[in-house]
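What follows is a set of notes on a single structure, which appears directly below.
All figures in this text were calculated on a predicted structure; none of them were measured in a lab. In what follows, every chain begins at residue 1, and chains take the letters A, B, ... in the order their sequences are listed. All values below come from the heavy atoms of this structure, side chains included, with hydrogens, waters and symmetry mates left out.
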Amino acid sequence: MPGKLKAKIVAGRHLPVMDRASDLTDAFVEVKFGNTTFKTDVCPKSLNPQWNSEWFKFEVDDEDLQDEPLQITVLDHDTYSANDAIGKVYIDIDPLLCTEAASIISGWFPIYDTIHGIRGEINVLVKVELFNDLNRFRQSSCGVKFFCTTSIPYSYRAVMVHGFVEELVVNEDPEYQWIDRIRTPRASNEARQRLISLMSGELQRKIGLKVLEMGGNAVVGYLQCFDLEGESGLVVRAIGTACTLEKFSSGSASITCPHPSTAPPSNACNSPKDGKESPLAHGCRSTHNSPVHSACSSQRLSQNFSVSVPTLIFTGMGSGGSAGKEAGPLKTLLRQQTQTTLEQREFPFFTLTSFPPGFLVHVGGVVSARSVKLLDRIHNPDEPETRDAWWEEIRQEIKSHAKALGCHAVVGYSENTSICEEVCILSASGTAAILNPRYMREGCLDVGSIDHRFDDPSPPNCGFCHIPYDELNMPFPAQLAYCYQCRRQKVPDVLFTTIDLPAEAAVTGKGCLIQARLCRLKKKAQGEVNATAISNLLPFMEYELHTQLMNKLKLRSMNALFGLHIQISVGENMLLGLASATGVYLTALPAPGGIQIAGKTPGDLNNEQHVAAIQKRINDAIAKNKELYQINPPELTDEGVGSPIPEPRQRSRIFRSHSESSDELSELDLSHGKKDAFVLEIDDTDAVEDIHSLLTDAPPPAGFHSCSTETMPGIYNWTSGIQMFTSVRVLRLNNTNLTNQGLNKIFTDLCENLLKSFYFKLRSTVPCCLCHLNFTVAVPEEELVQVSVTAVAMTFDKDQNQEKPPEKATTKGGSETEDQLQFPLELSADSSSTSPQPSKISGVAENTIVSTRAVSVDYGSFADRCSTWLELLRLKAHTIRRGSVKTSRRTQSLAHSVSSLEHCSPLPEGRSRSLCSSRSFGVGSVTMVKMTPLSFLPGTRIIKYLGIINMFFIRETTSLREEGGVSGFLHSFIAEVFAMVRAHVAALGGNAVVSYSMKDCVLMENPNKNQAQCLINVSGDAVICVRETDQEQTTNTGQTCGTIDGAT
Amino acid sequence: MAVELDVFVGNTTIMDEEVYQLWLDGYTVNDAVRARMEGGVLDEFDATADVLLSDTMDQYRTFQMCERLLHSPAKLANQLLFQIPPHRQTMLIERYYAFDDVFVREVLGKKLSKGTKKDLDDISAKTGVTLKSCRRQFDNFKRIFKVVEELKGPLVENIRQHFLLSDKLARDYAAIVFFANNRFETGKKKLQYITFQDFAFCAGQLINNWTVGAVGEGLCKTKNNMVEDMDVDLDKEFLQELKELKVLITDKDLLDQHKSLVCTALRGKTKAFNEMEANFKNLSRGLVNIATKLTNTKDVRDFFIDLVEKFIEPCRSDRWTAADVKLYLTHYTNSAHILDTFKHQVVWDRYMGVIKSCIFKMYHD
C-alpha cells in the first residue's frame, strides 16, 4: 500500500432546496475513490450543513492515485424514494503527489451538476500520505512535475532538456455506447466526465514514466487534447517536453535527478517505447505501414517518400557547408555533437515556445504537416492501434521538413485535430531550429564544468535569425542578405515562426496581430470521396492563408511572424482556415519591400489608372502603418557591401492563387519555378476583393494593441492590471447559395467584429494590449461557424513604453561582446536609442519565386511559393486510410528498470507536509484568483507552482429557453468553468492560474427540443505569486493581485 | 446570416455601471442600446451599433445571473461563480437596492402584499418609472421586510448587516419597513406634499424614540430581551402612558395655566402672536388628542394625517412661518414642565420631542 489518501468533509453552503415542502434539504455526502465509498451522516433540514466528518481513509496504490480523481457526491436523503443527487466535485489529487507542489487541498468547491450547473459549495480537506516503499515506482510516476507553461518555469533552471514525450489513450465514448440509450443524460455525462478524468490521469502517469525513463523530472509545455471521435471512440493524447529542472537557490537536491547513470543514454532516448515504434526510429518507413493501408495509400506514401529524398542531401550538405561558413572548427564540433545527440532521438521536438538564453541558435522556419484520415466505425478490439501510427507518420514528416531546412530540431511544436463525422484532419506544426547542445547532452548534467569548452561565444542577439541551412544548397531559392545587425551572416528576408519572440531579439517599433482567414466550400460527401475532396483543398488553403499572411505582413511593413498558429477546421460543406500570428519588424532582417500591383493587360489605359489608384492606396496604407507601429529602421549606408544579394529585380507582388477549387488544378502549369504566376490581375473581381480585404483590416483603436504571442514586442513596462476573458460567437449562415468570396467576407467580418467587441468592452482599461489572442474556429453544424477566443488584456504604462527595462538591455549588451568590436552598436539597438530615420525600402531586392518542398509548408523560407509549391503539395500524401479504434483501453508495456528508478525518487524522505490552517474555510471573503493564458503575471513573481489544472466538464440542459437560449446557457457554463478552476486553485493554496487555455469548447444545440449540450476542457498551472516588491513569501496572497475592474 | 450565439465572459466579471443603471431602470436591451447611443459612447469610442448591442446583451445576461445573488447580498461575497472585487460588489448591491423616491412615496405605508403588486401597473403609469423597475423596488421592500420581520435587535443595524447597505440606505429601508408595518396612511391628498425623505425622517424619529428598542439604553433594559420586533412596533406601554396627558386639556385650570405660560413667553417675539394666543386651546387639544388616541391601531395609521389636520393646517392658514412653529412648539413643550400639577414630564418629553421634530420636517409647502 504505497499511499493513504485522506479526505474530510467539513461543511456545505448555499445548497439548493431539494424538499419543496419544507424549503430545505437533508444533505449527506458520498466520498468515493476507486471502488471504495464512504458516507457522511445526513445533516437534516439545512441549506448550510455542517458535517464535520471524520477523516475518510483510502489505502491505495500510487498508480491509482495518479489515475483516479477523488469523487465527492452530495445527495439529498429521502426516506421513501431514491436519494436525489445534488451534484458532484471531482478533485484531481495529482498535485499532492509531488513534494514541491501543494501539501493539502482545502477549500470550498462548487458542487457541480451536469444538468443544473453549480448548486452550492462544499468545504473539503484532502491529504495524501505516501509511504517510502521500495516499489513506489512500479507503474506510477509520482513526483514528476507537469507544467502547461511552454517555457522553463520561473524560479527553475533547466539542467537538461531531454526532449519530446507523447502518449495517447483510447477508449469507447460512453455517450455512444448502446447502454446510454437507456441511461439518463446525467448518468451519461457523469460517466463521460469520469472516464476522461481517468484517461487523462492515466495519460499523465504514462508520460511521467517516460520522463523518468529518460532521466528527467518534469514535463514542460504539457499539451493534452481530446478527440471526440463520436462512434469510433474517445482519444486522449498529450505531448510535452521532458526536462530535468532544478529549483533556483534553495533545496535543489530534492528535484534534480540525482544520478546520470540511472538513465543510460542509449536506453533513455533511443529505446523504443513499444514495439512498433522501433522501425520508425531507424527511418524505415515501409515497415510501419499498418495492414489497413490500401494499395493506393501505400503508393502515395512512397511518392511522398521520394519527394523527401532531397532532404537527406540537404541535411548532409547543410551541416557541412554552413559550419565552414559560420565559425570554424569549434562550431563544427558543436554542431556535430548536437546533431548526433538530437538525431538519436526519435523526434527532436520541443513543445516550448520560449527558451533560456543561448538555447536557440538558429531558426529555419515553420514546418507543418497535415493528414486526412477516415475514422472507422467498426469496433474490432483485435485491430492494431492506428492512432499512434497516424501521429508517427505526421511527426516523421515534420522531422524531415526540419532536416530539409538544415535544422535538427523542431521547437514550438504542437498538434491538433479537426473532426467532422468520420473525417479527421490531423495537423502538426512547429519551427525548425538549431539548438545549443548544452542542454541536451546525454549523461552530462554538470553544466558548469564541461560545457564551457563548447560554449560558443554567446550568440549575438541576431543569431537566431541567421539561416541554419547552407546558402549554396538552399532548400528553396530564398532571398538572403547579410544580417543587418552583425553584418557577418546571412539572414532570410522574412522569417515565420511558431515560437515567442526571443527575449534578446532586437525589434524596431511595435508588433501587431496579423490574421489570415479563409473559407472554402466543399461538396457534401461521404467516406473516401469526402476525404479526397478535403485533401485536395488543403494545399490551396495552406497556400492562400500563407499568401494572405505575407501580404498583410508587408502591408504593415514588417518582416517576421511569431507565434504563428494555423488552424484548419472541417465541416460538412466547408473548410475554415484561420492563421494568427504576431507581426514584427526584426532589426536584423532586411526591410520588406512594398506591394506592387500589376495589371493583366498593360496596354489598357483605364486599367492602368485603376492599377495606379490601387497601388496608391496600398502605398498610403503602408506609410500609415509604419507610423502606427513606429517602424523607423535605421538607414543603412553600407548597403550591399560584400553582399551577394542579386540586383533588385522585382518587388513583391500580391500573391494570389489562380484557382479557387481543385477542379482548376489541372490547368495550372506547375512546372515553372520562376514564372510570374501570381501577378495580380486587376480585372479579376476576386483580386479586387482581395485587395479590399487587405486594406479593410482595421487597426486596433487608439490605446489598444493586440498580439497572439505572450507579450507584445515593443511594449515592456506592463503594469499589474490583467483581465482574462473567453468569448464565443456562433454565426448561422442562412443563405445557402454562398460563394467562396461571400463566405470569406462573412468569416473575416466575424473575426474583425469580435476584435472590435473586445476593444469596446475593455475600453476602460486603456492603454492595454490584448495578449495571446487565441482564436479557435469550428464548424459545429452544417450552417454554423463558431469562433472561440481566449486572451488576456494587460495594462501598461503609456509614458515609458518606448524603453526596454534595464535588465533586458544588459543581457543584450552582454551577448554582443564579440560583435561590438566590429560593428556599431546602433545597428542592433532598438528604436529608442537610434534616431528614427525613415528608411527607403525599395532598395532591397525583395522576392524570388521559390519552390518549397513537398508538404513542408516552409513558411520561414518565404517566397512566392507558387507553382512548384502547389505541385509538390499535390504530390503530398494526404493519406486516406481506414483506421480503427481499439475498443478497450490501451495497454502498453513500458520498459523500465525498477532499480534505477528508485534512485530517481524525487521525493525526499520525511517530507514535511503541514496543514495550513490559516487559509481554511472562513466567513466571507473568497480568494481572488487571477487567470492568464500567459506564463507570467506582470508585476508579480511566481514563487511556487502547485500543479497542473486539467479539467473537463459537460453541461446539458433541457430547458434552453428558460436559461436564456444558447447564449445564456454557454455564458453561465463558461462562468461556472472559471469558478471551478478558481476554486481548485484556491483550495491548493494558490492565487493564480498561468498558461491557462480552453482546449475544447464543443457546443451542440437543438432549439426545437429546447436542448443543448456543451463540453469544455481547460488547463493551466496553479501558482502562488506575490508582488514583485514583496520579499516575504506568504501563503495568503489573495490580496496581492490587483484586478481590473469592469468597465466603468 | 444571424448571430446564433455571442458571449463574452471575463475572469473578473466585467460590468459597466451605465448599463447596470439602464438595466435597473428596466430598459429593454433595445432601449438600452438606443440610450447608450444617445449617451455618446459610440462617439468617444469608434464602434458600431452591433458592437453596442452585443455588449449590452452580454451585460444584461450577467446582471440577470447576478440578480439571484443580489437577493441575498451576503451570498455575493462568498459565492464562487462571479469574481467581483469587493468595492464593485458594494456598488452592485447599493444600486440594486436604490429606489426612486416617487415610487416609494406611492407604496409607503401600504401593505406589501400581492394585491398591491397588481397596482404596480398604475403606479408605473403615474410615476413614469418602468414596470420592471417598480417590480424590483417593490420586491426589494418586501424582501427586506420579510427578513427583518423575523429578526431581533435594532432595525437599521439588521438591515445594514443582512443586506450590506450603506447607512443612509439602511435607514431609508428601516423607514419603509416601519411604515409598512404600522400601515401609516400617507396617500391622502392632504399628505401629498410630504416627500419620502420627510417621512423617512419622521420614521427615524419614531423608531428612535417611541419603540421598545428606543428606550433600551435607558429605562427598560430588562424588557428588551423578551420583546421581539422591538424597533418595528411602537412601545405599547408608552402609548398607554400617553393617555395620562389628557389632563392637559381636560383640566381647565391646567389648560389655562399652560396657555398663559406659553403666551407670556411668546409675547413680542413673533408677528403671529395673536393667532397663537387665539388658537392655543385648539392646537393643544389637537396634539394631546393625537397622543391619547395612539393606543388604537386605526389612529396610529392616521398619525400623520392628524398632525396635518390638527396642527399644520391651522398654522398654515394663519400664515405662521417655520420659525413661528418652532418657537411655539418649543415654548409649548417647555412650559408644561412648569405646570406644578402636571406629573407626566417624562412621557411628555418623549412625546413632544418626536412631535416637534416631525412637525418641523413636515411644515413646508
Side-chain angles (χ1 to χ4, degrees), chain A residues 13-14 108-110 118 121 701 722-735 746 753 756-764 784 786 792 923-926 928-932 964-968 970-972 974-976 978-980 982-983 996 1003 1005 1043-1048, chain B residues 1-21 29 36 41-42 44-66 68-69 72 74-89 91-92 164:
Chain A
R13 67 183 184 196
H14 308 158
W108 289 100
F109 291 89
I118 291 178
E121 288 123 36
I722 67 161
Q723 168 69 47
M724 194 278 295
F725 61 87
T726 291
S727 180
V728 181
R729 206 172 270 196
V730 176
L731 214 61
R732 183 176 288 279
L733 313 165
N734 293 325
N735 189 351
I746 289 168
N753 287 339
K756 278 182 196 156
S757 268
F758 302 159
Y759 298 139
F760 181 75
K761 278 188 188 288
L762 299 161
R763 67 193 182 284
S764 65
L784 296 183
Q786 176 185 327
V792 63
V923 271
S925 65
V926 174
M928 280 293 222
V929 175
K930 284 188 157 191
M931 287 163 73
T932 176
V966 265
S967 292
L970 190 64
H971 192 136
S972 50
I974 293 174
E976 282 164 359
F978 284 175
M980 286 184 278
R982 286 193 303 257
Y996 170 83
L1003 180 74
E1005 49 163 332
T1043 42
I1044 296 181
D1045 304 335
T1048 43
Chain B
M1 192 190 34
V3 176
E4 181 93 357
L5 178 156
D6 180 20
V7 296
F8 178 100
V9 190
N11 180 39
T12 302
T13 308
I14 292 181
M15 291 171 174
D16 185 314
E17 285 186 41
E18 186 201 339
V19 186
Y20 187 48
Q21 196 55 55
V29 172
R36 294 180 81 184
V41 200
L42 291 184
E44 61 189 74
F45 195 90
D46 177 38
T48 61
D50 286 351
V51 169
L52 209 54
L53 178 67
S54 150
D55 179 56
T56 311
M57 300 250 273
D58 260 327
Q59 303 257 2
Y60 266 53
R61 260 198 312 273
T62 310
F63 301 141
Q64 270 150 24
M65 282 190 258
C66 273
R68 186 177 52 83
L69 297 164
S72 42
K75 272 190 191 168
L76 195 64
N78 59 16
Q79 52 83 33
L80 303 175
L81 188 56
F82 298 103
Q83 180 159 274
I84 306 168
H87 71 278
R88 305 284 294 174
Q89 290 181 13
M91 183 280 292
L92 287 178
L164 309 173

Would you mind checking which part of D58(B) comes under 4.5 Å of any heavy atom in chain A, side chain (CB onward), backbone (N, CA, C, O), both or neither? both
Go through the atoms of S72(B) and report whether side chain, backbone, both or neither lie under 4.5 Å from a heavy atom of chain A.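 The answer is neither part of S72(B).
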Flag this pair as yes if the NZ/CZ of K761(A) is under 6.0 angstrom from the six-membered ring centre of F725(A) and inside a 45 degree cone about the axis; otherwise no.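 The answer is no, since K761(A) fails at least one limit relative to F725(A).
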With F82(B), the side chain to side chain contact (heavy atoms under 4.5 Å, CB included) member among L69(B), T12(B), V9(B):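 Only one option passes, and that is L69(B).
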Are the charged groups of D6(B) and R61(B) less than 4.0 angstrom apart, N to O? no
Should E17(B) and R88(B) count as an ion pair when the cut-off is N to O under 4.0 Å? yes
Tell me, do I974(A) and V728(A) make a side-chain contact under 4.5 Å, heavy atoms counted? yes
Between M931(A), M980(A), K756(A), who has the most heavy-atom pairs with chain B when the cutoff is under 4.5 Å?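 Maximum pair count with chain B is reached by M931(A).
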Determine yes or no for a side-chain-to-main-chain donor-acceptor pair under 3.5 angstrom, with E18(B) supplying the side chain and Q21(B) the backbone.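 No; zero donor-acceptor contacts below 3.5 Å.
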Please classify the contact of [X] with chain B as side chain, backbone, both or neither, using a heavy-atom distance under 4.5 Å.
| X | value |
| --- | --- |
| Q786(A) | neither |
| P110(A) | both |
| V929(A) | both |
| A975(A) | both |
| E121(A) | side chain |
| L731(A) | both |
| Y996(A) | neither |

Where do N753(A) and R729(A) land on the side-chain hydrogen bond (donor to acceptor under 3.5 Å, both in side chains) test, with the steps shown first? CA-CA 10 Å; N753(A) 287 339; R729(A) 206 172 270 196; 5.9 Å; no
